[in-house]
Number of protein chains: 2
Amino acid sequence: MRAVNSAGFAAPAGLTALPVVLAPVAGKLHVLLVRREEEPRAGMWSLPGGFMSGDERPEETAQRKLTEKTGVGAVYMEQLQTYGDPRRDPRGWIPSVAYLGLIDAAVLRERGSAARWFPVDALPPLAFDHAAVIADGVERLRGKVWWSNIAVGLLPEQFTMPQARRVFEAISGVTYEPSNFRRGLEQSGLVRATGRVVKNGPGRPAALYEFVDRQPAWSTRRSRVPATVRAAETS
Amino acid sequence: MRAVNSAGFAAPAGLTALPVVLAPVAGKLHVLLVRREEEPRAGMWSLPGGFMSGDERPEETAQRKLTEKTGVGAVYMEQLQTYGDPRRDPRGWIPSVAYLGLIDAAVLRERGSAARWFPVDALPPLAFDHAAVIADGVERLRGKVWWSNIAVGLLPEQFTMPQARRVFEAISGVTYEPSNFRRGLEQSGLVRATGRVVKNGPGRPAALYEFVDRQPAWSTRRSRVPATVRAAETS
DNA sequence: TAAATAGTGTCTTTAAGACATTATCGC
DNA sequence: GCGATAATGTCTTAAAGACACTATTTA
């Protein structure tokens, strides 16, 4: 499969959007996969990508493909990177622009769709280079979760500290000491108490928190802009 | 300008590589720009990009275009992101894959080429969305410089602490207290002393350091994988 | 009241910022 | 010796980890 544009330059045979949709399920980070219905690699598990059409922005394509194949949209979507090796797809030169999508796991429950959640540390054989793409998505999420409000995409509008803690634990794969977790998240400046509490069964009721910002934002905690505070004179 | 591939899908009219080449010059971070020779936007300053050919990997194209237009290659090159809005280029749907390139500023000295260094905080009017692309490159460099050995691309093989400090200061735009800078860089685990020293003029001779790793690597300092060390049991 | 869960307080260790002091060069 | 530059040491503050303790619910 080849393509040439009207000016004679080589052009890709197509451009695909490739959403890596992550969510914590049962305490572990999972990724959403679908079975490929067409050749090549028909029957294999893969990310729910698809061709871009050139009349919408790439993020829109990623969202649309996701919705078409799963019935839901992601709460959060950001670009990861582009995989453009000409030999990555046997059909020809087809670069993929990968996206990281996050979704409140409670929303999507594999409702008969072709999509299924797999733990990111126990993936089935995957088509193309999708295993590497997933690894990049997981790394991005782990790297940002404490420094940005990216977890907006994984928690309900209001949540308790233990709830947030379980989500963070699923993401990073470590166990947080509850009081230190609380202190860390409060000092991040990303969340605030709503004043409300919820009671679930026995135990002290939990206070409800919410994100200060639901648009992408960074923690107020210095992300290594240390140095003597005397900023270099901006000449 | 349009393109259609042999399977009938819409395809981009072309795919360009867009290197954002940064280097500290005279204590300030600069970016390498060229004058556009062709329409559209002929005569405007722009990043030294060019069309990918489909027979090389995108990073190779970025390096090649850079070398063609400036006579030198970057020491370090990593992908930033892809700008794929169909309306970003008046010629048609032409996504650009942006790369961050780093170079030892001493190497390239605008040797009559069409390329020129501009301070990143005093850019001329730029073609297309290149101003935003440069901003993304600068942000990536600033965000990584303390946490990875990305500065390998900006320093000679062996360097002194004051030398490294000046580079870091140019990147971040702040002034570091020398002894704290030294401690921070040493504790990063990224560099080691070679045992050699250099004398330049008056003053105590400076010890030479080198990067432990010249391939991309992360600082050993915890990048917020805090939590109780008892990692969650990997089941 | 006991078990369960949430939240508070505090002690210790480590990293970061400020700054004084010492070391080694050219002249 | 003196000025210049590099390197070391130390005091203070703030963040991170461990852990004991208190609070509020259901049964």
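All chains are named by letter (A, B, ...) in the order of the sequence lines, taking the proteins before the strands, and each is independently numbered beginning at 1.
Checked against side chain to side chain contact (heavy atoms under 4.5 Å, CB included), Gln79(A) has the following partners two or more places apart in sequence or in another chain: Thr82(A), Val97(A), Tyr99(A), Gln81(B), Thr82(B). Annotation: side chain to side chain contact (heavy atoms under 4.5 Å, CB included) contacts of Pro119(B) (sequence neighbours excluded): His30(B), Asp121(B), Ala122(B). By the side chain to side chain contact (heavy atoms under 4.5 Å, CB included) test, Ala217(A) pairs with Asn149(A), Asp213(A), sequence neighbours left out. Applying the side chain to side chain contact (heavy atoms under 4.5 Å, CB included) criterion to Glu68(B), with sequence neighbours excluded, gives Arg64(B), Lys65(B).
With DNA chain C read from its 5' end, the first of the two nearest nucleotides for Glu186(A) and Gly201(B) is the one closest to Glu186(A). Annotation: of the two residues near DNA chain C, Ser179(B) and Gln187(B), the 5′-most nearest-nucleotide partner is Gln187(B).
In terms of heavy-atom proximity, Trp117(B) sits nearest to Ile103(B) at CH2-CG2, 3.7 Å.
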Return a table of donor-acceptor pairs under 3.5 angstrom between the side chains of residues 159-167 of chain A and protein atoms on other chains or two or more places apart.
unit_1, atom_1, unit_2, atom_2, d
Thr160(A), OG1, Gln163(A), N, 3.2
Gln163(A), OE1, Thr160(A), N, 3.1

Going by atom type alone, with no hydrogens or angles, which donor-acceptor pairs under 3.5 Å involve a side-chain atom of residues 186-197 of chain A and a protein atom two or more places apart or on another chain?
unit_1, atom_1, unit_2, atom_2, d
Glu186(A), OE2, Tyr209(A), OH, 3.1
Ser188(A), OG, Leu185(A), O, 2.6
Ser188(A), OG, Leu190(A), N, 3.1
Arg192(A), NE, Glu210(A), OE2, 2.9
Thr194(A), OG1, Arg196(A), N, 3.2
Thr194(A), OG1, Leu208(A), O, 3.0
Arg196(A), NH2, Gln158(A), OE1, 3.4

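Tyr176(B) has its OH atom 18 Å from the P atom of dC19(C), to the nearest Å. Computed from coordinates, the Phe181(B) CZ to dA15(C) P distance equals 18 Å when rounded to whole Å. Leu208(A) places its CG atom 14 Å from the C1' atom of dG7(C), with the value rounded to the nearest Å. Look at CG on Leu185(B): it is 14 Å from P on dT8(D), rounded to the nearest Å. As rounded to whole Å, 13 Å separates atom C1' of dT24(D) from atom CG of Asn200(A). Rounded to a whole Å, the CG atom of Asn180(A) is 12 Å from the C1' atom of dT8(C).
Among pairs with a residue in residues 75-84 of chain B, those fulfilling salt bridge (Lys or Arg N to Asp or Glu O under 4.0 Å) read Glu78(B)-Arg140(B), Glu78(B)-Lys144(B), at least two apart in sequence or across chains.
Comparing atom distances between the Arg182(A) side chain and each of dA6(D), dC19(C), dG7(C) picks out dG7(C) as nearest. For Arg183(B), counting side-chain heavy atoms from C-beta on, the closest listed nucleotide (dA16(D), dG17(C), dC19(D)) is dG17(C).
Within residues 155-168 of chain B, no residue has any heavy atom under 4.0 Å from DNA chain C.
A salt bridge does not link Glu139(B) to Arg142(B): none of the charged side-chain nitrogens sits closer than 4.0 Å to a carboxylate oxygen.
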Please list, pair by pair, any protein nitrogen or oxygen found under 3.5 Å from a nitrogen or oxygen in nucleotides 22-24 of chain C.
unit_1, atom_1, unit_2, atom_2, d
dA23(C), O4', Arg204(B), NH1, 3.1
dT24(C), O2, Arg204(B), N, 2.9

